[in-house]
Amino acid sequence: ECHKEKVQGVSWHPFDNHTLVTGACDSFVRVFDCRTSGQHKKWSVGSKTEVERVVWDHFQPHRLLASNDRGQVVCVDLRSDNKPVWTLAAHSDAVTGLSLSSQCPGCLVTVSQDKVLKVWD
């Protein structure tokens, strides 16, 4: 009952099998510990924006990335309840695909409704 809009992204933590991240059209990324009911942490990815995708950073398991419909990618640190760690203006339209390399730390691939694929290192 915590989401106010549809959920567009969901991903299990790569190492902690009780932790789940979701991203919704209400502009929030939420992280749940499935062992506890009714509790979660949340971060905004921008005012009046929709979360498109979410992905965990398996090289820094306390961080996750989320993309939004404004062409941005944000990095969230679970240890902080404040703003995202950084925001990347990646595309001119919604970032509809987001993937971190499993072999190269920090290598990010984004795709967008602007019909462009970008590799970030």
Side-chain angles (χ1 to χ4, degrees):
E1 295 182 21
C2 65
H3 291 290
K4 307 296 182 213
E5 296 284 343
K6 70 178 176 178
V7 176
Q8 298 198 133
V10 61
S11 181
W12 287 104
H13 193 279
F15 307 115
D16 181 357
N17 59 359
H18 300 287
T19 302
L20 180 73
V21 62
T22 60
C25 291
D26 60 3
S27 79
F28 285 98
V29 169
R30 291 173 172 83
V31 174
F32 300 87
D33 181 336
C34 295
R35 296 169 291 190
T36 59
S37 178
Q39 294 180 323
H40 66 275
K41 293 177 81 173
K42 69 179 183 177
W43 296 263
S44 174
V45 297
S47 178
K48 297 180 182 177
T49 187
E50 297 179 2
V51 177
E52 294 288 333
R53 300 289 180 265
V54 291
V55 63
W56 291 99
D57 184 342
H58 44 273
F59 291 105
Q60 297 183 72
H62 55 276
R63 288 188 172 187
L64 62 92
L65 302 181
S67 66
N68 66 30
D69 63 338
R70 292 189 181 168
Q72 299 172 320
V73 176
V74 299
C75 176
V76 171
D77 191 317
L78 299 183
R79 303 168 297 183
S80 171
D81 292 330
N82 298 326
K83 299 176 189 175
V85 177
W86 51 259
T87 300
L88 172 66
H91 291 271
S92 60
D93 208 341
V95 178
T96 54
L98 193 61
S99 181
L100 279 168
S101 170
S102 62
Q103 302 299 310
C104 180
C107 184
L108 170 67
V109 175
T110 59
V111 293
S112 170
Q113 286 183 343
D114 64 11
K115 300 179 179 88
V116 177
L117 175 144
K118 292 184 180 181
V119 179
W120 306 88
D121 189 16

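For clarity, every value in this text was computed on a predicted model and none was experimentally measured.
- With a 4.5 Å cut-off on side-chain heavy atoms, Val55 and Leu64 do not count as touching.
- A 4.5 Å side-chain heavy-atom check between Val119 and Leu108 finds every atom pair outside the cut-off.
- Atom OG1 of Thr110 and atom CG of Leu88 lie 7.0 Å apart (nearest 0.5 Å).
- Note that the CZ atom of Arg63 and the CG atom of Leu100 stand 11.5 Å from one another [nearest 0.5 Å].
- Side-chain atoms of Val109 and Trp120, non-hydrogen and from C-beta on, never get closer than 4.5 Å to each other.
- A side-chain donor from one of His91 and Asp114 sits under 3.5 Å from a side-chain acceptor of the other.
- Atom CD of residue Gln8 and atom SG of residue Cys25 lie 3.5 Å apart, to the nearest 0.5 angstrom.
- Going from atom OG of Ser101 over to atom CZ of Phe59 covers 6.0 Å, rounded to the nearest 0.5 Å.
- Gln72 has its side chain out of reach of Ser67: every pair of non-hydrogen atoms, C-beta onward, lies at least 4.5 Å apart.
- Summarising the local packing, NZ of Lys83 is surrounded by 12 or fewer heavy atoms from other residues, nucleotides or ligands at distances under 6.0 Å.
- Separating the NZ atom in Lys115 from the CG atom in Asp93 is a distance of 8.5 Å, to the nearest 0.5 Å.
- Ionic pairing of Asp26 and Arg30 is present here: one or more N-O contacts between side-chain nitrogen and carboxylate oxygen are shorter than 4.0 angstrom.
- The CZ atom of Arg70 sits 12.0 Å away from the CD atom of Glu52 when rounded to the nearest 0.5 Å.
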